[in-house]
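What follows is one structure encoded as structure tokens, with my remarks underneath.
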There are 2 protein chains.
Amino acid sequence: MPKPGPRLRLVDVAERAGVSLATASRALAGRDGVSEEVASRVRQVSQELGYVANPYARTLAGGASSTVGLVVHQVDDPYFSEIAGGVIQIADERGLLVQICHSGRDPGHELRQIRHLIAQRVGIIIVAGSGYRDARVEADAKAALSDYQRQGGRVAVIGRHSLGVDAVLPDNEAGGRVLAEHLLGLGHRRIAVAAGDEALTTVADRLAGVAAALRGQGLDLADLPVVHSAFTREGGRAAAERILAEHPRTTAIIALNDAMAMGVLSTLRAQRIAVPERMSVVGFDDVSVAADLAPGLTTVRLPMTDMGRMALAMALKPVSARPRRRSTGHQLVVRDSTAPVTPRA
Amino acid sequence: MPKPGPRLRLVDVAERAGVSLATASRALAGRDGVSEEVASRVRQVSQELGYVANPYARTLAGGASSTVGLVVHQVDDPYFSEIAGGVIQIADERGLLVQICHSGRDPGHELRQIRHLIAQRVGIIIVAGSGYRDARVEADAKAALSDYQRQGGRVAVIGRHSLGVDAVLPDNEAGGRVLAEHLLGLGHRRIAVAAGDEALTTVADRLAGVAAALRGQGLDLADLPVVHSAFTREGGRAAAERILAEHPRTTAIIALNDAMAMGVLSTLRAQRIAVPERMSVVGFDDVSVAADLAPGLTTVRLPMTDMGRMALAMALKPVSARPRRRSTGHQLVVRDSTAPVTPRA
DNA sequence: GTGAAAGCGCTAACAA
DNA sequence: TTGTTAGCGCTTTCAC
């Protein structure tokens with residue numbers, strides 16, 4: 001709706017600086033072919049007049065788009081809101097604007113969002129959140145992003161390996177291992193896992209880490225109950241209910257993300273099962289509220305804000321021959337939700 | 001960076017449908033001057049080909065921009081991430097994209113973000129978060145938004161009254177009153193307030209509600225300690241420390257938002273002061289984690305997600321003669337962080 | 001009701 | 001080094 005409005009155009013700046021349109025454009029874009037003297041005069045005038053380029057004209061004419069598209073599961077999920085915070089921070093420093101959309105963990109919807117961003121001609125696309133184990137499910141998204149890259153768009157993903165683009169990869173497997181080792185070290189043997197949707201690679205990877213730790217102790221994941229449910233607080237509640245009903249002797253629950261851990265804690269609280277006395281609980285991610293839960297949640301910290309920063313920083317670099325991959329650190333944070341296993345009454 | 005690319009243009013659709021560019025444009029824009037027959041054929045073809053208009057060309061040519069700008073304090077603050085979630089949800093339904101930027105509760109930075117959004121020619125701007133009591137502080141933002149509206153832009157704000165635009169207003173004063181009445185009803189008389197920055201209208205309004213409740217009991221706010229600090233978790237920690245040090249006989253603390261309440265709880269936990277036995281604590285907002293805290297936080301629920309939805313819905317309606325104002329409901333949610341005052345040992 | 005043509009403000013060839 | 005000019009893809013007068 002915003003009518004053109006009598007805004008300042010580049011011609012105005014050019015005229016005022018006594019140069020041609022082209023020269024003004026070059027000067028402000030910092031391209032060479034302009035004497036430093038003229039360039040600085042143009043910049044000066046542009047500053048004084050408070051000129052801001054019309055991004056639509058600029059992009060239409062083939063210039064760089066200064067907006068980045070970010071696809072997350074949901075911004076109001078703390079894991080993703082922290083990532084978004086990191087992306088926005090870097091964007092702000094570079095004068096870029098961030099368009100955020102929701103995938104809702106639905107591959108079809110995600111694809112639609114990616115297409116929308118491409119149609120909007122954003123210059124950079126960042127996709128955050130787990131990938132899908134079935135390659136066919138993300139084939140279309142992968143194709144769309146490749147096309148987009150081929151046409152000069154920049155892409156970075158967070159937490160998914162199979163898209164063939166620059167990626168920031170949380171250490172899911174190692175994190176899962178560390179978590180299981182922590183519980184094993186406390187003497188727990190009857191461990192259950194509250195896992196998210198099994199179609200998600202993040203779930204599979206974290207689970208693989210847990211399995212590896214168990215094997216290290218001569219145990220087998222097959223002996224441990226793994227309950228798949230939604231990768232959310234509600235899913236955690238449901239999983240905990242099933243675990244308690246079907247495996248009443250469980251002494252520790254590994255939730256594969258903090259949201260699920262919060263659901264697990266909620267169920268335990270409702271059933272008056274003391275944590276960590278009767279049940280140890282661990283999460284994954286270390287969202288900022290993890291420390292404020294009752295009890296403080298033992299979890300694996302992922303640097304979400306940094307991950308967002310890293311992803312955008314990567315995308316801002318010139319394309320590399322082959323996709324870059326940066327893996328994030330991970331760190332076990334022991335709080336009050338875990339304790340040594342107690343002998344059965 | 002995205003090079004033009006061999007994308008589908010409106011001419012292609014027009015050609016395929018056997019009409020002129022102008023007719024195709026009219027048909028897709030739903031403007032009249034096209035026979036229904038032709039119009040539907042054009043839409044049909046456009047669908048089949050998967051045509052998506054280039055928003056840069058469209059906007060440059062004077063059409064409507066389909067992006068909405070949202071200014072929040074920080075997306076990774078739960079209060080704002082829930083609002084953002086609501087805005088994105090509606091935007092998604094209408095095929096709009098949302099650009100999010102941070103004000104950081106800094107009026108200067110906020111102004112810069114607003115100007116940036118205007119320069120980007122977004123069609124709608126939504127500003128969420130407390131206003132400032134000093135009108136001069138937001139005079140520039142107000143002026144920028146007025147100009148923008150005059151040129152056809154649509155604006156809605158959430159939680160600020162003095163910008164002269166459509167607004168969604170949380171019931172801050174009533175909420176503050178309800179909170180104080182709740183504590184008063186439990187017998188508390190030595191109440192302290194952990195308040196945010198006093199320059200914020202939200203802080204002032206909530207405080208006014210608290211004061212009103214006290215007056216209703218023949219008490220005076222002047223008798224109660226009000227500690228101003230940052231409107232964040234850290235601010236809550238600091239405020240609680242001062243309250244404990246300077247007013248050791250306090251039996252209840254009113255934190256003016258949930259973030260501060262979380263800080264207050266954290267300090268109390270660190271000092272091993274039992275909640276609610278020795279100290280009752282209340283928050284404000286009911287962010288989604290409030291229920292999972294230790295103990296569950298008594299607070300006033302604000303429908304953040306709805307507030308985001310309402311704001312965008314308002315901005316999507318045609319302009320009204322005078323600014324619209326919709327106030328949100330509020331609801332006291334009693335959990336486990338409050339209890340009757342106990343006789344002093 | 002429909003089409004032809006003139007821009008919107010900018011970038012990037014191409015000249016000079 | 002600088003200027004001239006032809007578009008980018010769309011909307012919107014203005015003719016027909």
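In what follows, chains are A, B, ... by sequence order, proteins preceding strands, each numbered from 1. Remember, predicted model here, so these are calculated numbers, not experimental data.
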Are the side chains of A:Met304 and A:Pro78 in touch, meaning some heavy atoms are under 4.5 Å apart?
no
Please check the phosphate of C:dG9 (OP1 and OP2 only) for any side-chain N or O of A:Arg58 closer than 4.0 Å.
no
Without decimals, in angstroms, what is the distance between A:Gln120 CD and D:dG9 P?
16 Å
Rounded distance in Å - CG (B:Leu10) to P (D:dC8)
14 Å
Give the rounded distance in Å between these two atoms: CG of B:Leu28 and C1' of C:dT2.
15 Å
With DNA chain D as reference, determine whether B:Tyr51 or B:Arg26 sits nearer its 5' end, using the nearest nucleotide of each.
B:Tyr51
Interatomic distance where CD belongs to B:Gln151 and P belongs to C:dC8 [whole Å]
16 Å
To the nearest Å, give me how far apart CG (A:Asn54) and P (D:dC8) are.
18 Å
Taking atom P of C:dC14 as reference, at what distance in whole Å does atom CG of A:Leu21 sit?
18 Å
Is it true that, when you exclude A:Glu93 itself, more than 12 heavy atoms of the residues, nucleotides or ligands shown sit nearer than 6.0 Å to its CD?
yes
Would you say A:Ser35 places a side-chain N or O within less than 4.0 Å of OP1 or OP2 belonging to D:dT2?
yes
Within a radius of less than 6.0 Å around CZ of A:Arg31, do more than 12 heavy atoms belonging to other residues, nucleotides or ligands occur?
yes
Just by distance, do the side chain of A:Ser46 and the backbone of A:Val42 share a donor-acceptor pair under 3.5 Å?
no
Taking the nucleotide of DNA chain C with the closest heavy atom to each, which residue, A:Ala22 or B:Val34, is nearer the 5' end?
B:Val34
Identify the two heavy atoms, one from B:Arg41 and one from B:Gly18, that lie closest to each other, and give their separation to 0.1 Å.
NH2-O, 4.4 Å
Between B:Ala57 and B:Val38, which residue's closest nucleotide on DNA chain C lies nearer the 5′ terminus?
B:Val38
If you compare every side-chain N and O of A:Thr23 against the phosphate oxygens of D:dT2 (OP1, OP2), does one of them come in below 4.0 Å?
no
May I ask you to say whether B:Arg9 pairs ionically with B:Glu15, meaning some side-chain N is under 4.0 Å from a carboxylate O?
no
B:Arg324 atom CZ: more than 12 heavy-atom contacts under 6.0 Å
yes
Does some side-chain heavy atom of B:Arg58 sit less than 4.5 Å from a side-chain heavy atom of B:Asn54?
no
Choose from D:dG7, C:dC8, C:dA12 the nucleotide whose nearest atom is closest to any side-chain atom of A:Ala61.
D:dG7
Take atom CD of A:Glu15 and atom P of D:dG3, then tell me their distance rounded to the nearest Å.
13 Å
Scan B:Ala53 against the nucleic acid and name what it touches under 4.0 Å (heavy atoms): base, sugar-phosphate only, or nothing.
sugar-phosphate
Is the phosphate of D:dG3, meaning OP1 or OP2, less than 4.0 Å from a side-chain N or O of A:Ser20?
yes
Side chain of A:Arg31 only, please: which of C:dG9, D:dT11, C:dA12 is the nearest?
C:dA12
At 10 degrees resolution, what angle do the end axes of the helix from C:dG1-D:dC16 to C:dA16-D:dT1 form when each is taken over five base pairs?
40°
Rounded to whole angstrom units, what separation is found between the OH atom of B:Tyr56 and the C1' atom of C:dG7?
21 Å
